[in-house]
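The structure appears below as structure tokens.
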Amino acid sequence: MALRLPKLPSIRDLTRIYNLQAKQKLSQNFLMDRNVTNKIISLAGLELDNALCVEVGPGPGLLTRTMLDNGALHVVAVEKDPRFVPILDQLKDASNGRFSSIIGDMMKIDHSQIIDCGLNLESNSSGLIKQFDSVHLVGNLPFNVATPLLVQWLHMVSRMEGIFGTPNVSMTLMFQKEVGDRITAVARESPRGRLSVLSQSVCDAYKIYNVRAASFVPRPKVDATVVQLRPLKTPILKSSLKTVEHLARFVFMKRRKMLARIFKDWDPDRVQLLEECGIDPTLRPQDVPTELYCNLAQLLEQRNIELPK
């Protein structure tokens, strides 16, 4: 099976031929620099044997082409904008049975549809693959829905649902740089917030590549960063992720205050919960390691303590 795509029209030519302009209401910014997509896939270190690559928001398909040219055998893209159907169909025809697309909303789609689509690719026409060993979720996410999508996926990771029930899962995702900074910030780093704690409760999260705004059309106002998240090999979550999310939201609403003051304002008797979990009450929310937040969330659940709304 050929693992390189035949020569295709350039992405710029295709967007011009089909008169495809980025829609602001969908927060679309097209990646046009092949050097950037090559770097992303190279640094992502995706294990491609018996793996399903799921791309969210392929748009005109430059990142998709790069995955296919790097040997991906099973690629499924989920695209919300039906204007891209002709381009994605052309890529499907050129992929030698390794690629297909679904027009739908990733926030709402049934993940079994994605897995079935991957299993039914011509690259698996023998039917030897009954279940994928790895799933790699990849995407240049629209900035306006990137955080809600990530939060949904993190909850699914915590419950091992959908594509996240696969033994080996990775997410390699593009965010606005400041969002990427928040996802990956560890204790005592200033960008740390709710999204840091939520992400790091279930995943290792680290930046792999910064992308200049000039690499996109239209050019956004800010640079982007690619973050990779992989489920923790040694879990630290001991409660529902929903409880961790409520806890993080509660404390980071008053991020400049010491935890002792935040909890005392809620109920003076609750300050002792911090000490029971080994948390120094004089710390501010950004200074507390994620594992200690997980311990506190577990204690709240065990004692049926509800945080203020």
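Worth knowing before you read on, the calculation uses all heavy atoms, side chains too, and leaves out hydrogens, waters and symmetry mates.
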Task: Salt-bridge criterion met for Lys257 and Asp265 (N-O under 4.0 Å) - done: yes
Task: For Ile129 against Leu119, the heavy-atom pair lying closest together - done: O-CD2, 3.4 Å
Open item on the list: Between Ser199 and Leu195 (side chain of the first, backbone of the second, donor and acceptor by atom type, cut-off under 3.5 Å), is there such a pair?
Closed with: yes
Open item on the list: Please check this pair: side chain of Gln152 against backbone of Met107, looking for a donor-acceptor N/O pair closer than 3.5 Å.
Closed with: yes
Open item on the list: For Gln131, is the CD atom crowded, meaning more than 12 foreign heavy atoms sit under 6.0 Å from it?
Closed with: no
Task: Same apolar cluster: Val56 and Met174, side chain cutoff 4.5 Å - done: no
- [ ] Starting at CZ of Arg230, measure out to OG of Ser170 and round the result to the nearest 0.5 Å.
- [x] 4.5 Å
TODO: Ignoring hydrogens and angles, tell me if any N or O in the side chain of Glu55 forms a donor-acceptor pair with the backbone of Val138 under 3.5 Å.
DONE: no
- [ ] Rounded to the nearest 0.5 Å, what's the gap from CG on Leu241 to NE2 on His246? Could you check?
- [x] 10.0 Å
Task: Where Met106 and Ile114 come nearest, the two heavy atoms and their spacing - done: CE-CD1, 3.8 Å
Open item on the list: Under a 3.5 Å cutoff, is there a donor and acceptor pairing between the side chains of Ser240 and Glu301?
Closed with: yes
Open item on the list: For Gly104, is there any backbone N or O sitting under 3.5 Å from a side-chain donor or acceptor partner on Glu79?
Closed with: no
TODO: Would you name the heavy atoms of Cys294 and Leu237 that are closest together and state the gap between them?
DONE: SG-CA, 4.1 Å
Open item on the list: Using modelled atom types and a 3.5 Å cut-off, is there a donor and acceptor pairing between side-chain atoms of Thr166 and backbone atoms of Val135?
Closed with: no
Open item on the list: Using the salt bridge (Lys or Arg N to Asp or Glu O under 4.0 Å) criterion, which residues pair with Glu276? Sequence neighbours excluded.
Closed with: Arg303
Open item on the list: Tell me whether the rings of Phe30 and Phe84 are parallel (<30°), tilted (30 to 60°) or perpendicular (>60°).
Closed with: perpendicular
Open item on the list: Please determine whether the number of non-hydrogen atoms from other residues, nucleotides or ligands lying under 6.0 Å from atom CD of Gln272 exceeds 12.
Closed with: yes
Task: Verdict with reasoning, Glu306 to Lys242, per salt bridge (charged side-chain N to carboxylate O under 4.0 Å, His left out) - done: CA-CA 12 Å; Glu306 291 191 11; Lys242 182 64 71 175; over 6 Å; no
Open item on the list: Quick check against the 3.5 Å criterion: does Thr66 have a side-chain atom that pairs as donor or acceptor with the backbone of Leu62?
Closed with: yes
Open item on the list: To the closest 0.5 Å, what do you measure between CD1 (Ile305) and CG (Leu299)?
Closed with: 6.0 Å
- [ ] Verify the cluster assignment for Met171 and Ile109: are they in a single hydrophobic cluster under the rule of side-chain heavy atoms below 4.5 Å apart?
- [x] yes
Open item on the list: Does atom CG (Asp49) have a neighbourhood of more than 12 heavy atoms from anything else shown, all under 6.0 Å?
Closed with: no
Open item on the list: Distance check, rounded to the nearest 0.5 Å: Thr172 atom OG1 versus Asn140 atom CG?
Closed with: 13.0 Å
- [ ] Kindly assign one of parallel, tilted or perpendicular to the pair Phe164 and His111, based on the angle between their ring planes and the thresholds 30° and 60°.
- [x] tilted
Open item on the list: For residues Leu292 and Val186: do they belong to one hydrophobic cluster (side chain heavy atoms under 4.5 Å, members Ile, Leu, Val, Met, Phe, Trp, Tyr)?
Closed with: no
Task: Closest heavy-atom pair and its distance - Lys207, Thr225 - done: CD-OG1, 3.5 Å
Open item on the list: Using the side-chain contact (heavy atoms from CB on, under 4.5 Å) definition, which of the options Leu63, Val75, Asn96 pairs with Leu68?
Closed with: Val75
Task: Electrostatic pair Arg65:Asp69 at N-O distance under 4.0 angstrom - done: no
Open item on the list: Less than 4.0 angstrom from a charged side-chain N to a carboxylate O is my criterion; do Asp287 and Arg255 meet it?
Closed with: no
Open item on the list: In terms of relative ring orientation, are Tyr293 and Phe252 parallel, tilted or perpendicular, with 30° and 60° separating the classes?
Closed with: tilted
Open item on the list: Can you confirm whether Thr184 sits close enough to Ser196 that some side-chain heavy atom of one is under 4.5 Å from a side-chain heavy atom of the other?
Closed with: no
Task: salt bridge (Lys or Arg N to Asp or Glu O under 4.0 Å) against Asp13, all qualifying residues, sequence neighbours excluded - done: Arg16
Task: Residue pair Phe99 / Leu88, side-chain heavy-atom distance below 4.5 Å - done: yes
Open item on the list: Are more than 12 heavy atoms, taken from residues, nucleotides or ligands other than Lys264, located less than 6.0 Å from that residue's NZ atom?
Closed with: no
